[in-house]
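Below, chains carry the letters A, B, ... as their sequence lines are ordered, and counting in each starts from 1.
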There are 2 protein chains.
Amino acid sequence: MVRVFKKQINREKLLDQGVSMLMAQGYHGTGLKEILDAVQIPKGSFYNYFGSKEVFCAEVVQHYIDPFIVQLQRHLQTPNVDGLSALKNYFNELIFELEANEFKGGCLLGNLMGELGDNSDICRAALQSAVNQYQDLIKEGLLKGQQEGLVRTDLSAGSMADLLVNTWQGVLLRMKIEKSVAPLQSCCDSLLDGYFKS
Amino acid sequence: MVRVFKKQINREKLLDQGVSMLMAQGYHGTGLKEILDAVQIPKGSFYNYFGSKEVFCAEVVQHYIDPFIVQLQRHLQTPNVDGLSALKNYFNELIFELEANEFKGGCLLGNLMGELGDNSDICRAALQSAVNQYQDLIKEGLLKGQQEGLVRTDLSAGSMADLLVNTWQGVLLRMKIEKSVAPLQSCCDSLLDGYFKS
DNA sequence: TTATAAAAAATGACCAGTCGTATTAAAAAA
DNA sequence: TTTTTTAATACGACTGGTCATTTTTTATAA
């Protein structure tokens, strides 16, 4: 009984550490030993928790996106805040956090799409799933904004969510090399405060 | 005298091979030996041509973007084609090529931004330079489109070029995991055929 | 001969993954 | 309830192989 709890705790530890190290150094740039040492779990134990580095990475992807989904849901469910403002508040919160983090990391999903998208079907599926969950939520926000008359209705909420998610991925890359949140802000300005407005 | 020519040829070979392998497998996913074997240059010779893997990668970045710049310039200088159509033609050509390539690779710049943006200042500088050269050219096309009355003038050509380049990076990532050119097409539709039109 | 570049060989660090064993818990038998 | 058996998990040393880079040797050119 105690055993199964410890197992869950160790899995969680590894996933947490995996998120932060894969963000900072990428998949091929991060050794398992590095992760294991950081959480003080011996090498041999890793394969009791995960089948391989690749499937570990796929789990890390979902573990990464979960908190973002919670955070976005929180904004969308805040009373007396319209859908468009909720999205703007959410992205502003992200920008604040990224700035506090000195523009490091960006988005694990985007980074891994670039690094592994072509070569790991397992990770590709995880990335696809994660990004779809995320995009659906943004679409909901835009849909709400449309019903409230704040977001244009001549474009579908789906295609706007698509554009927003893709552009956001792009500006996060840009942020990394410019070491500035300016690209993030101009993304929000162009789309949420520009193109999408009714 | 003959030697210095051979040196240039070998450098070129390595850069060409570097572009294709770094595209396919990323920086940490590609070993120098792999590149050297492919062009039949002995391992010990590499450091006669490049100071390190890192500076090699930085040179690969510029080597990668050069042909894109030539291609885009060609479209922009085609007689009797307006700026906006030139951009559309250029991106359609890219889409065609990416589809023929089975959506593999995407953009080396974007991939390396994600993988190395945080950790290699040398590559970061090369990426920044390359993307700026590219974006300036797109800005020129939009500027021409504005002068021709086809592109809206209430937004600056610079900020539109910014948005287009960033979104394009994002959709290339998306293409990789969706294995489809649909994201690319909807990017062009949304921006060049939508938001940017006057 | 001297200088320079190319290439081979060697370096130590690190890689993901495996193996046998030790430890523990749960299940079965007494 | 107590003892024995069986199974699951934990663990560190080890595997073959690859990594980027350096050192040493060989070949070429001036």
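Residue Ile35(B) contributes atom CD1, which lies 14 Å from atom C1' of dT18(D) at whole-angstrom precision. What separates CG of Leu32(A) from C1' of dC11(D) is a distance of 16 Å, to the nearest Å. The distance between atom CD of Glu54(A) and atom P of dC15(C), rounded to the nearest whole Å, is 18 Å. In this structure, Phe50(A) atom CZ and dT18(C) atom C1' are separated by 19 Å, rounded to whole Å. For the pair Ile41(B) CD1 and dA8(C) P, the computed distance is 12 Å after rounding to whole Å. Rounding to whole angstrom units, NZ of residue Lys43(A) and P of dC14(C) are separated by 13 Å. Between the CD atom of Gln25(B) and the C1' atom of dC19(D) there is a distance of 14 Å, given to the nearest Å. In this structure, the CG atom of Leu36(A) is 14 Å from the P atom of dA13(D), given to the nearest Å.
With distances taken from any side-chain atom of Ser52(A) to the nucleotides dG17(C), dG12(D), dT21(D), the minimum falls on dG17(C). Distance from the side chain of Tyr47(A) is smallest to dG17(C) among dA10(D), dG17(C), dG12(D). Counting only heavy atoms from C-beta on, Lys33(A) has its side chain closest to dC15(C) among dC15(C), dT22(D), dG12(D). Distance from the side chain of Lys53(B) is smallest to dT21(D) among dA7(C), dG17(C), dT21(D).
Using modelled atom types and a 3.5 Å distance limit, the side chains of Asn89(B) and Glu93(B) yield no donor-acceptor pair. Side chains of Gln128(A) and Asn132(A): no donor on one and acceptor on the other come within 3.5 Å. No side-chain N or O of Gln169(B) forms a donor-acceptor pair with one of Gln169(A) less than 3.5 Å apart.
Using a 4.5 Å cut-off on side-chain heavy atoms (C-beta onward), Leu76(B) and Val81(B) make no contact.
Asn48(A) contributes a side-chain N or O that forms a donor-acceptor pair with the base of dA10(D) under 3.5 Å.
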I would like to know whether Lys13(A) and Asp16(A) meet salt bridge (Lys or Arg N to Asp or Glu O under 4.0 Å); could you show each step before the answer?
-> CA-CA 5 Å; Lys13(A) 272 196 210 169; Asp16(A) 284 343; over 6 Å; no

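Looking at heavy-atom distances under 4.0 Å, Phe46(B) makes no contact with the nucleic acid at all.
Of all nucleotides present, only dA30(D) satisfies the Watson-Crick or G-U wobble test against dT1(C), with each distance under 3.5 Å.
Distances shown here put a side-chain N or O of Tyr49(A) below 4.0 Å from the OP1 or OP2 atom of dA10(D).
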